[in-house]
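Convention: sequence-line order gives letters A, B, ...; per-chain numbering from 1.
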There are 2 protein chains.
Amino acid sequence: MAKFMDVHDGFVGVTREQLEEAHRRDLENEGAEGVHFERAWLDPESGRVFCLSTGPSREAVARVHDKSGHPTTQIYELPVEIG
Amino acid sequence: MAKFMDVHDGFVGVTREQLEEAHRRDLENEGAEGVHFERAWLDPESGRVFCLSTGPSREAVARVHDKSGHPTTQIYELPVEIG
């Protein structure tokens, strides 16, 4: 299992409720891929979202987000974590 | 207090020990600005680092990183956090 950070753009003005709904869809779809989305953070001013996950591969993380309707190609594998 | 994610580029091939040293400098410098760096993640392949912090402002976070010798302009305020 590896850890990943992925980044989404275009979420300008999105509310907490809308992010929770998007995250809920990820949690529904993640099991089939062996992925788990741990946390998500939103900057509604820049429209940027960061998602922290664990999973078997970058491609698996991408497939969950694809199924949930918010695809991204910005997925970073994180072999080093501090704190 | 607000939460922030900041992003650094150019850390290709950096080791855990080198990231720990950079993080240690942030911890030395953060107190004067009322900032705390909670976690940091490194993708040594793309050279991207993500730092999660709390603090009074984006500018305060930037000043800590400046003092530590790894400045960045990519600092996102995160009023919404899930998970």
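Aromatic ring orientation, A/His65 versus A/Phe37: tilted (interplanar angle from 30° to 60°).
A salt bridge links B/Arg39 to A/Glu81: one of the charged nitrogens lies within less than 4.0 Å of a carboxylate oxygen.
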(request) Could you please spell out the steps behind the side chain to side chain contact (heavy atoms under 4.5 Å, CB included) verdict for A/Val61 and A/Asp6? (result) CA-CA 9 Å; A/Val61 173; A/Asp6 64 72; 3.6 Å; yes
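With a 4.5 Å cut-off on non-hydrogen atoms, B/Arg16 touches chain A through its backbone and its side chain both. Only the side chain of B/Val7 has a heavy atom closer than 4.5 Å to any heavy atom of chain A. Contacts between B/Tyr76 and chain A at a heavy-atom distance below 4.5 Å involve backbone atoms as well as side-chain atoms. For B/Leu52, the part lying near chain A is the side chain, with the backbone staying farther off; criterion is any non-hydrogen pair under 4.5 Å.
Both A/Val49 and B/Val80 sit in one connected hydrophobic cluster of ILVMFWY residues. Membership requires side-chain heavy atoms under 4.5 Å apart, directly or through other members.
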